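Just so you know, these numbers come straight off a predicted model, no measurement behind them.
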Amino acid sequence: QVPPSWVQGLRLLHCEGYCLYRPDLTREMTAAARAAGALVSIDLASFELVRACKEGFLALLRGGHLDLLFANEEEAATLAVELGLAQPGDAHEAKVAAAQDFLLQHIQVSIVS
């Protein structure tokens, strides 16, 4: 249980992607941060995590819990394939672009490097 006062003065909550292995806690903390007016960022951490925690990530994304996202190209390409936005045989750049297009429909900033 996290005390309600933890968000006082909070301006940014950064989540490491591995927090997606605890989706209820992550959702609770990101919702509290957003309700307090803070921005919420996440780093996807690994392409394996994208596969394993896709549903939890999508719930945060579509639920308006995230503002900024950091990913490398492999994580973005994996996300595109996992979501059916691209096919495994598509060019790597096309997969990354498809992921970026999707992400920017839900968040303010998506940084893929």
S.K.: Could you tell me if the side chain of Leu61 sits less than 4.5 Å from the side chain of Ile42, heavy atoms only?
M.R.: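 When only atoms from C-beta onward are counted, Leu61 and Ile42 do not touch, as no gap falls below 4.5 Å.
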S.K.: Of all heavy-atom pairs between Ser41 and Leu12, which one has the smallest distance, and what is that distance?
M.R.: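 Nearest heavy atoms, Ser41 then Leu12: OG-CD1, 4.0 Å.
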S.K.: Can you give me the closest heavy-atom contact between Glu16 and Ala45, atom names plus distance?
M.R.: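 Nearest heavy atoms, Glu16 then Ala45: OE2-CB, 3.2 Å.
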S.K.: About how many Å separate CZ of Arg27 and NE2 of His65, when rounded to the nearest 0.5 Å?
M.R.: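 Answer for the NE2-CZ pair, His65 versus Arg27, is 7.0 Å.
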S.K.: Check whether any side-chain heavy atom of Phe70 sits under 4.5 Å from a side-chain heavy atom of Ser113, and report yes or no.
M.R.: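 A side-chain contact under 4.5 Å is absent here.
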S.K.: How many angstroms lie between atom CZ of Phe57 and atom CG of Leu44, to the nearest 0.5 angstrom?
M.R.: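 If I round to the nearest 0.5 Å, the distance is 5.0 Å.
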S.K.: Before giving the answer on side-chain contact (heavy atoms from CB on, under 4.5 Å), spell out for Leu13 and Thr30 the whole-Å C-alpha distance, their side-chain angles and the decisive distance to 0.1 Å.
M.R.: CA-CA 7 Å; Leu13 172 65; Thr30 57; 4.2 Å; yes
S.K.: Mind checking the CZ-CD1 spacing from Phe102 to Ile107? Nearest 0.5 Å is all I need.
M.R.: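 That separation rounds to 9.5 Å.
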S.K.: Please step through side-chain contact (heavy atoms from CB on, under 4.5 Å) for the pair Leu83 and Leu58, ending with a clear verdict.
M.R.: CA-CA 10 Å; Leu83 296 180; Leu58 288 175; 3.4 Å; yes
S.K.: With a 4.5 Å cut-off on side-chain heavy atoms, are Phe47 and Val81 touching?
M.R.: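 Of all side-chain heavy-atom pairs linking Phe47 with Val81, none is under 4.5 Å.
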S.K.: Do Val96 and Leu85 sit in the same hydrophobic cluster, where Ile, Leu, Val, Met, Phe, Trp and Tyr count as joined when their side-chain heavy atoms come under 4.5 Å apart?
M.R.: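 No, no single cluster joins them.
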S.K.: Say whether, by atom type as modelled, one donor and one acceptor occur between the side chain of Asp90 and the main chain of Gln87 under 3.5 angstrom.
M.R.: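 Confirmed, Asp90 side chain pairs with Gln87 backbone.
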S.K.: Do the side chains of Val50 and Tyr21 join up, straight or via other hydrophobic residues, at under 4.5 Å, putting them in one cluster?
M.R.: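 Yes, Val50 and Tyr21 fall within the same hydrophobic cluster.
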S.K.: For Gln100, give me all partners under side-chain hydrogen bond (donor to acceptor under 3.5 Å, both in side chains), at least two apart in sequence or on another chain.
M.R.: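 Expected list: Ser110.
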S.K.: With rounding to the nearest 0.5 angstrom, report the CD to CD distance, Glu73 to Glu93.
M.R.: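 Answer rounded to 0.5 Å: 7.0 Å.
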S.K.: Kindly compute the distance separating CE (Met29) from SG (Cys15), expressed to the nearest 0.5 Å.
M.R.: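 One finds 7.5 Å between CE of Met29 and SG of Cys15.
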S.K.: Examine distances only and state if a side-chain atom of Lys95 and a backbone atom of Pro88 form a donor-acceptor pair shorter than 3.5 Å.
M.R.: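 A pair under 3.5 Å: yes.
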S.K.: Is there a chain of hydrophobic side chains (I, L, V, M, F, W, Y, each step under 4.5 Å between heavy atoms) that links Leu39 to Val109?
M.R.: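 They do share one cluster, since a chain of ILVMFWY contacts under 4.5 Å joins Leu39 to Val109.
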S.K.: Find out if a path of hydrophobic residues (ILVMFWY) with successive side-chain heavy-atom gaps under 4.5 Å connects Leu10 to Leu66.
M.R.: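 Yes: a chain of side-chain contacts under 4.5 Å links Leu10 to Leu66.
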S.K.: State which residues pass side-chain hydrogen bond (donor to acceptor under 3.5 Å, both in side chains) with Asn72; sequence neighbours excluded, sorted by chain then number.
M.R.: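 Asn72 satisfies side-chain hydrogen bond (donor to acceptor under 3.5 Å, both in side chains) with Glu75 once adjacent residues are dropped.
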S.K.: Within the structure provided, determine whether Leu60 and Leu20 are in side-chain contact (heavy-atom separation under 4.5 Å).
M.R.: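 Touching, per the 4.5 Å side-chain cut-off.
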S.K.: Roughly how far, to the nearest 0.5 Å, is the CG atom of Asp67 from the CD atom of Gln108?
M.R.: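 Reported value, rounded in 0.5 Å steps: 4.5 Å.
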S.K.: Quick one: closest heavy-atom pair of Ala99 and Ala76, and the distance?
M.R.: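 Of all heavy-atom pairs spanning Ala99 and Ala76, the closest is CB-O, 3.2 Å.
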